[in-house]
Structure formats: C-alpha cells, structure tokens
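Chain identifiers are assigned alphabetically (A, B, ...) following the order of the sequence lines, protein sequences preceding nucleic acid strands; residue numbering begins at 1 within each chain.
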Amino acid sequence: MSVDTTIRMGSLNLRTPLLTGSGTFGYGDEFGSIIDYSSFGGIITKSISLKPRAGNPPPRICETQSGGIINSIGLANVGIYNFIESKVDTLPMGKTEVFLSIVGDSVEEYVEVVEKLEDVSGIAGYELNVSCPNVRRGGLDLGGDKEAIAAIMSSVRTVTGRFVSVKLTPHYPVIAPVAQAAVDAGADALTLTNTLVGMEVDVERRKPLLGNVTGGYSGPPLKPVALAKVWQAAQVVDVPIWASGGMVNGIDCIEFLLAGASALQLGSVLFADPYAPGRILNEMIEYCERHDVTRLSDLVGKLETR
Amino acid sequence: MEQINLPIAEKGVVDQIRKISDDTWDIKVFSPGIAKSSKAAQFVHVRVSEDFRPFLRRPLSVGPCSGDYLRLIFTVKGSGTRLLAQKSTGDVIDLIGPLGNPFKLPEDDEYPIIVGGGIGVVPLLLLDDQLEPDTPRDFLLGVRTESLLPVDEPEIKHRNIQIASDDGSIGFGGNVVQLLERKLSKLQSNRVVVYACGPGMMMYALKQVCIKHSIKAYISLEVPMGCGLGACQSCAVPRSDGDGYLLVCQDGPVFDATEVLIEPEVLR
C-alpha cells in the first residue's frame, strides 16, 4: 500500500508534514550531507533579527535529569543584512521549502526584516517568533500579550502576501484567545509551541547549569504540554497548526496529527539523531499501513474524544 | 591551507574495550571513514543512547588512529560516558565526524611542547603521532594523582611522556603548567609552540604563562555542545576582544590562546 505523505495548506503543497524547528537547524547548510532533504516538507531557519545578536553567555545548553534539554542561545544570529549577503545563497532552496523565522524587539522591526526579505525569491514563507524564552524584549514578554501579537501579525501582513505562521509560547493557561487573535490578524498558520522556561542546578557548585540561569526546555518532556496546546487551539481556529514539542518518533508525530496538527516540526531530536526525519517518516507510513490510512493528511484532527 | 575532510556519519564497531584507570576507558573502534581522515584535535559526536536518555550526543576527541581503527579514550563523568563504558566487542556506535578544525602543525623551525591535563591528553596523542617522527618535542602530562593516569605505562614510555602529579605520586610534584614553566626556563629555542588540552583551570594558567613568555599556544577546548555542526550555537566561548562569541564546534575546538577568553567554570 502506498501512503500519500503530502500536505496541502493554502497555497503550500509540502512533500511531507515534517519541518525543522527554528533554531535547531541553523540556516540549513550546517548539516551538510548528513541530512536527507527528501524526508522534509520544509525547513525553518534560525530566527533572524534586524541587527546581529551575539547571544547569551555560556554555558548555553544542558541536559536535565527528567530527560530533554534546556538551551539559552539567546537568538544569536547574523542579522538581516549579513543574512541576505552571505546566507541566502546557502539556503537549501530547490531541495525543500524554506521558511524564515523572524524575531524583533518591536512591531517595526518584524516589519522591516520581512520587508527586506520580500526581494529574496524562492522563500515559501515566514514564521514569526514572538515567544522566545531567552531574551527580554522580542521574547516571552511580547508573546504573552495577545494585542502585541495581533499588532505584529497584522503589520507584517501589510508587507507580505507570503505564508506566515505565528509561533506561540506554551505558557498561556488558555491558548484559545491568543490563537484566535493571531488568526484574526492574518496568520496563515500557528506554530505550537515554543519551549517552556526551565532551569537546572549544579548543587555541588551551587550554580545554575546555564550562563543565563534559565532557558528553554525542550525534548520529550515538552511533548504532552505541546500536544495539549495543539489540541486546544485546533478546537477554535481553522488555520493549519504546525506542531513543535519533543517529537522523537513516528508515533509522537501521529499523536500530534490526531490532535489537529497539519505539519510537524522536528527540533531537539536533530541534535541526537540527524537521520530522524527519514526514520520518523517511515514510522508514520508504517502506522498508516497498519490502519489502512492512505493519506497522512487524513489523520489530521481525527482524535476521538468520546 | 590544510585540507579538512567533510564529516561523515558512520556506524563504528567496537573492536576492543579496556579500562585504563579507575574511571578511564579506551575503546578501539572500527570506523574506516573517520579513522582515515581524522586530524589531531578533531572530534566525533557520539550517540550514547538510542532512547534519548541522556538526550545529547557526546563530543569526544579522536585518539590515536591506525588504519581503519580509531581510539576513543574517555573518563566516565556522567550517564552518557557511563553507557559508553558498558559497550562490548561487536557493539555498534553511531558516530559523526571528524568534526572541528585540527591543530596547525609546527613550522620547520618551531619547537613543539605538548601539554595535556588529565583526559585532555587524548587529542594530543594523535598530534604526537602526526608530527614527523624526527621532530624533537616535549610531551608533558599532568594528573591529580598516579591512579588517574589516562594512559598506560607502555604508552607513556613509548611516547616519552613526562608526567606531573599534583600530589607528587608520580613524576614531577606539582601541576603541569609549573612543569611547562620549568621546561621553558631551560629551553634555548625562542620558537616554541605549545599545544594544549586540559581542564579549565589548567588552560587558564597555561594561557597566562604563554603570554608571559610570548609563546604561541594552540589550545583545544571542550564545552557543553548540542548539534556539533554549527547549527545550534550552543558551544559558544567568548572572544577575548569582547566582540561576541566563537563556536567550539565550528571555529574550534582549536583556538589561538589569545583569541578566546578562558572561563575555567565553563570549560570541562
């Protein structure tokens, strides 16, 4: 039985639902020949800001006793001018769809970065990062405010017709109002979710394991949290949801599809297993074969809650 | 410009595993692609657990290579290296490598002094092999105490390694940077180049000594790392000029000692 893995979302037609999670895949060329693009529907770059950002003091990554990792990279990136000058040519365009993650300190900065990218051809769309836990402005404090998110989205909408997803934090107790606000402001999709704020302590030295004390908690422990947010948002919005949250195998991914996600972002898993996309795609196909599902997209939102 | 081979993914096979000291292990791995192309200070990113516990790969320096085999010599520090120490002959190890930039070999008129601290000696063993056999050199190794030596006696003898121990249980009584200073005071050559790898405090002290004596020093650093490929930017070390950070995986692990700010707390 052959399983159709393509996913259609508005103007987009992705080869598979698998995307890379922003920040875990650089600008696309770092993994070199180790990555097989044929398993991907697309990649999402590291967040790009107007000015270069050096990032947070090290250490920037640690593991936790409960599984997964915490990072505090601090949105280190080359800035939009250097990106256009030296990185655009290295993007894997033609091999897969390329989405650019954008971050800013203000509404104007998001708009300015997107405007500058409008001249770059071959870009499939943008993901607006309004929820990074590792920087003050342009980070969680912005992502916590649904008016601010709506303002960013609607302003970006005035300068681009490209596909735009808004990446939200898992920290909302209730996701529906902010999800709805982003969609009302023109989002084509929602990405759920960014990392949770977390920290880890070295008791021998009485010091935090991260230079920035706290960071973004990701990996398998994030999965149930992200899954709940995806499901909750899927109840209220009618745009596609891009899930992000600790997926390491095909069954994790099927869970997110059933909960309502249309695309699946692989993030932290790529550090441990850069071959994960091919393996995960095969595992999803095996699931479909076992359940006589001919199209992966048929599983989206098919969770039976009663 | 030295040719650097692109990293490859390779399933290595454990040929032999042996315990060298209380907590140090030496695994001989059949990994022809990586063994044949690795240069001193390059590392492999080793997957230690198939079920993501612990989650991350472990960056390990490539030790001495011979033909299709490379040696991974490591100290058990946590759950990842503990799992690695449980491997046995025939087990498969998922490797990505060689990664990072190797040591720049000495110029013809330079006199290399190799300075290792504890398990930091591993990349230096490969460097020792990659120097021309007739190149004169000093090879110094510091340990806290004799029982923690990360290399065995035949290897020490064969390579003519001079040992320093903090407690005086073997060799020079004192730390390896003190031994380096003593060595420098006796050397005639003013074209010394130091190659070093070791714990944070040692690297900090070594940098000060090399600056004091106006000696070029190449240091190989180890810090907590994510992808190992330059994508995640986890393994940052501050530049000494204050202008942001360099990445150990991509810009290093070898740096000119004057290029980076050495923070003993961050280095492993």
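By the neighbour-count criterion of 12 heavy atoms within 6.0 Å, atom CD of Gln208(B) is densely surrounded, having more than that number from other residues, nucleotides or ligands.
Tyr245(B) is listed as a side-chain neighbour of Pro57(A), based on a closest heavy-atom distance under 4.5 Å. Inter-residue side-chain proximity for Pro238(B) and Pro58(A) is flagged as met; some heavy-atom pair is nearer than 4.5 Å.
The candidate with the highest count of non-hydrogen atom pairs below 4.5 Å against chain A, out of Gly226(B), Gly78(B), Cys235(B), is Gly226(B).
Only the backbone of Phe25(A) comes within less than 4.5 Å of a heavy atom of chain B; no side-chain atom from C-beta onward does. For Ser22(A), no part lies near chain B; criterion is any non-hydrogen pair under 4.5 Å. Contact annotation for Asp94(B): only side-chain heavy atoms (C-beta onward) come within less than 4.5 Å of a heavy atom of chain A.
A salt bridge links Glu63(A) with Arg58(B): the closest approach of a Lys/Arg side-chain nitrogen to an acidic carboxylate oxygen falls below 4.0 angstrom.
Listed by sequence position, Arg47(B), Phe52(B), Arg53(B), Pro54(B), Phe55(B), Leu56(B) are the residues of residues 44-56 of chain B in contact with chain A, using a 4.5 angstrom heavy-atom cutoff. Applying a 4.5 Å heavy-atom cutoff, the residues of residues 267-284 of chain A that approach chain B are Ser268(A), Val269(A), Phe271(A), Ala272(A), Asp273(A), Pro274(A), Tyr275(A), Arg279(A).
Residues Pro59(A) and Pro224(B) approach most closely at CB-CG, 4.2 Å, considering heavy atoms. Residues Glu30(A) and Leu229(B) come closest through the heavy atom pair CB-O, 3.5 Å. Listed here is the closest heavy atom pair of Ala76(A) and Gln233(B): CB-OE1, 3.4 Å.
The CG atom of Asn56(A) sits 11.0 Å away from atom OG of Ser234(B), with the distance rounded to the nearest 0.5 Å. Taking SG from Cys232(B) and CG from Asn71(A), the interatomic distance works out to 8.0 Å, rounded to the nearest 0.5 Å.
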